[in-house]
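Before any comments, here is the structure.
It should be emphasised that the depicted structure is a prediction, and the values quoted were computed from it without experimental measurement.
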Amino acid sequence: MSNVTGSFQLMKSLNRSLVLNKIRSAGAVSRAAIAKETKLTPPTVTNIVNELIESNLVRESEMGTSKGGRKPVLLTINDQEFFIIGLDVGARKIRGVLTDLNAKELVADHAALYQDISADQLTERMTQMIEDLIQSAGVERTQVVGVGVGMHGIVDHEQGVARFAPTYHLKEIPIKEQLETAVKLPVFVENDAKAMALGELWFGAGRGCDNLIAVNIGVGIGAGIIFNNRLYHGHNAVAGELGHTIIDINGSPCSCGSFGCLQTVAGGDSIAERAAREIASGRESLLREKIAGKDEINGEIVYECALAGDQLCIDILQETGRYLGVGMTNVINLMNPAKLIIGGGVSKAGDFILGPLQDVVSQRALTDEVKQTNISTAELQEHATVIGAVTIVLADLFTPDLLNAK
């Protein structure tokens with residue numbers, strides 16, 4: 001392909017995405033309005049729209065309001081004709097959804113994952129979930145636009161490779177290659193926190209905000225950074241690994257191989273570990289009754305006991321919140337986002353954690369304005385990452401530039 005031909009094809013693709021995203025964001029819009037707002041010529045818009053209608057991505061709907069001539073025909077996304085699959089591959093389980101083009105969930109599934117799982121077993125589990133979702137939804141494979149995967153750990157989003165999944169001690173998993181071979185669909189792979197940030201930007205607490213950071217606090221702690229309305233990856237795709245910022249050089253060992261990472265004092269496992277140590281030392285707590293006959297303490301049980309007024313569990317959650325507050329203050333001072341969104345399993349502890357977190361930020365952030373940084377919980381809650389995985393595919397379809405910031 002010549003440089004001229006290649007440039008033409010790129011421009012055509014960008015124009016197509018521009019038109020598509022205008023239709024998506026408007027809900028219903030005329031050809032004339034698209035041309036006016038995108039600065040594209042009316043013939044260009046007409047040609048692109050005709051191609052989109054022919055491909056069934058766009059359909060003509062009701063007539064718009066007339067301004068003196070014929071009523072304009074409005075265009076909408078044909079959201080019921082095509083579907084997207086999203087997978088959230090976490091540290092304990094895999095969650096999957098099949099949605100329409102508005103990210104409305106139609107079918108959902110989940111399955112447990114184990115720490116000694118192999119790379120092949122992990123991709124086989126993903127493959128099976130994709131096939132199960134398609135079958136459960138009763139849709140044709142040709143109607144599925146693509147599969148988005150939100151994967152914990154360090155992800156090369158361009159190659160679709162999980163470079164390091166610390167919970168499973170796995171490296172260099174070719175997720176995109178293996179899934180595309182198995183399911184014969186386009187596959188997009190992204191870090192789970194970055195996927196969560198996209199989901200909140202499009203469908204959650206981040207709507208209308210060009211600069212935000214979404215923090216996914218579960219077993220690990222990761223952040224997705226939206227800067228100037230683009231997803232930021234960093235030079236080697238490591239941007240956002242907040243859980244592996246070191247806050248105590250003499251601290252406990254972390255799954256990444258380092259010591260004293262934020263994850264070791266504020267991740268989900270650290271909550272359970274601190275509670276177990278306190279119980280073993282003889283501290284009185286409702287936990288003794290709660291775990292009777294069970295194998296181990298987990299964060300959910302700690303939260304339940306805190307709700308019941310157990311002081312030990314309240315203390316542990318509040319201490320976790322203060323550690324997170326230190327981490328968030330560092331992030332705010334470094335990046336100065338307009339909004340900070342807190343999600344993941346640990347965030348379900350609500351004010352037990354968010355209160356102390358916000359207190360530390362309001363005391364320790366650099367200036368009075370920064371101390372007032374908007375901090376909120378993820379609007380999509382436990383669905384943030386899996387809907388974020390769906391949004392990866394949507395972003396490639398509607399606004400590919402959003403995914404390509406370094």
_side-chain hydrogen bond (donor to acceptor under 3.5 Å, both in side chains) between D210 and N228, worked out_ = CA-CA 5 Å; D210 291 343; N228 288 341; over 6 Å; no
Answer yes or no: is there a donor N or O on one side and an acceptor on the other, between the side chain of [X] and the main chain of [Y], under 3.5 Å?
| X | Y | value |
| --- | --- | --- |
| N102 | K104 | no |
| T76 | S61 | no |
| N47 | P43 | yes |
| T385 | G388 | no |
| D351 | L354 | no |
| D248 | N250 | yes |
| K194 | A239 | yes |
| S362 | D359 | yes |
| Q318 | P356 | no |
| T44 | L40 | no |

*In sequence, state the C-alpha distance, the side-chain angles, and the governing distance for L262 and H244, and then conclude on side-chain contact (heavy atoms from CB on, under 4.5 Å).*
CA-CA 6 Å; L262 178 62; H244 299 295; over 6 Å; no
For [Y], is there an ion pair with [X] - N to carboxylate O distance below 4.0 angstrom?
| X | Y | value |
| --- | --- | --- |
| R274 | E319 | yes |
| R16 | E51 | no |
| D269 | R92 | yes |
| E200 | R207 | no |

Sub-4.5 Å side-chain heavy-atom contact between [X] and [Y]:
| X | Y | answer |
| --- | --- | --- |
| N78 | L57 | no |
| I341 | V215 | no |
| E124 | Q128 | no |
| K22 | V19 | no |
| F83 | L101 | no |
| V107 | V97 | no |
| F352 | I316 | no |
| I225 | L231 | no |

_Ring-plane angle category for W202 and F398, please: parallel below 30°, perpendicular beyond 60°, tilted otherwise._
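Ring orientation, 0 to 90° scale: tilted.
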Out of curiosity, [X] [atom1] to [Y] [atom2], how far, rounded to the nearest 0.5 Å?
| X | Y | atom1 | atom2 | value |
| --- | --- | --- | --- | --- |
| H152 | D192 | NE2 | CG | 7.5 Å |
| M151 | I94 | CE | CD1 | 9.0 Å |
| C313 | L286 | SG | CG | 7.0 Å |
| L357 | L340 | CG | CG | 7.5 Å |
| K36 | S30 | NZ | OG | 10.0 Å |
| N15 | L20 | CG | CG | 11.5 Å |

I need the minimum non-hydrogen distance between [X] and [Y], along with the two atoms involved.
| X | Y | value |
| --- | --- | --- |
| V346 | G218 | CG2-O, 3.8 Å |
| L324 | I221 | CD2-CD1, 3.9 Å |
| G153 | P166 | CA-CD, 3.9 Å |
| A28 | L74 | CB-CD1, 4.0 Å |
| G220 | Q263 | CA-OE1, 3.3 Å |
| K339 | C209 | CB-SG, 4.1 Å |

Verify the neighbour count for atom [atom1] of [X]: are there more than 12 heavy atoms of other residues, nucleotides or ligands below 6.0 Å?
| X | atom1 | value |
| --- | --- | --- |
| F82 | CZ | yes |
| N56 | CG | yes |
| R163 | CZ | yes |
| Q363 | CD | yes |
| E105 | CD | yes |

*Please walk me through it: do S118 and Q121 pass side-chain hydrogen bond (donor to acceptor under 3.5 Å, both in side chains)?*
CA-CA 5 Å; S118 69; Q121 288 171 331; 3.3 Å; yes
*Show your working on side-chain contact (heavy atoms from CB on, under 4.5 Å) between H233 and N191 and close with a plain yes or no.*
CA-CA 9 Å; H233 292 90; N191 164 268; over 6 Å; no
*Determine, stepwise, if the pair L201 / N229 fulfils side-chain contact (heavy atoms from CB on, under 4.5 Å).*
CA-CA 9 Å; L201 176 70; N229 206 36; 3.9 Å; yes
*Could you tell me whether the side chains of Q311 and D315 share a donor-acceptor contact shorter than 3.5 Å?*
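On atom types as modelled, these side chains qualify, holding a pair under 3.5 Å.
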*asked:* What verdict does the side-chain contact (heavy atoms from CB on, under 4.5 Å) test give for E382 and R95, after you've listed the backbone C-alpha separation in whole Å, the side-chain angles of each residue and the deciding distance to 0.1 Å?
replied: CA-CA 10 Å; E382 67 268 24; R95 186 196 304 265; 4.0 Å; yes
*Do you know which of L122, V89, D120 makes side chain to side chain contact (heavy atoms under 4.5 Å, CB included) with I173?*
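Going through the options one by one, the only one that passes is L122.
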*Please walk me through it: do F164 and H169 pass ring-ring contact (aromatic ring centres under 6.0 Å, His included)?*
CA-CA 7 Å; F164 180 41; H169 305 288; 7.6 Å; no
_Within 45 degrees of the ring normal and closer than 6.0 Å to the centroid, is that where the cationic atom of K176 sits relative to F188?_
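Yes, K176 sits over the ring of F188.
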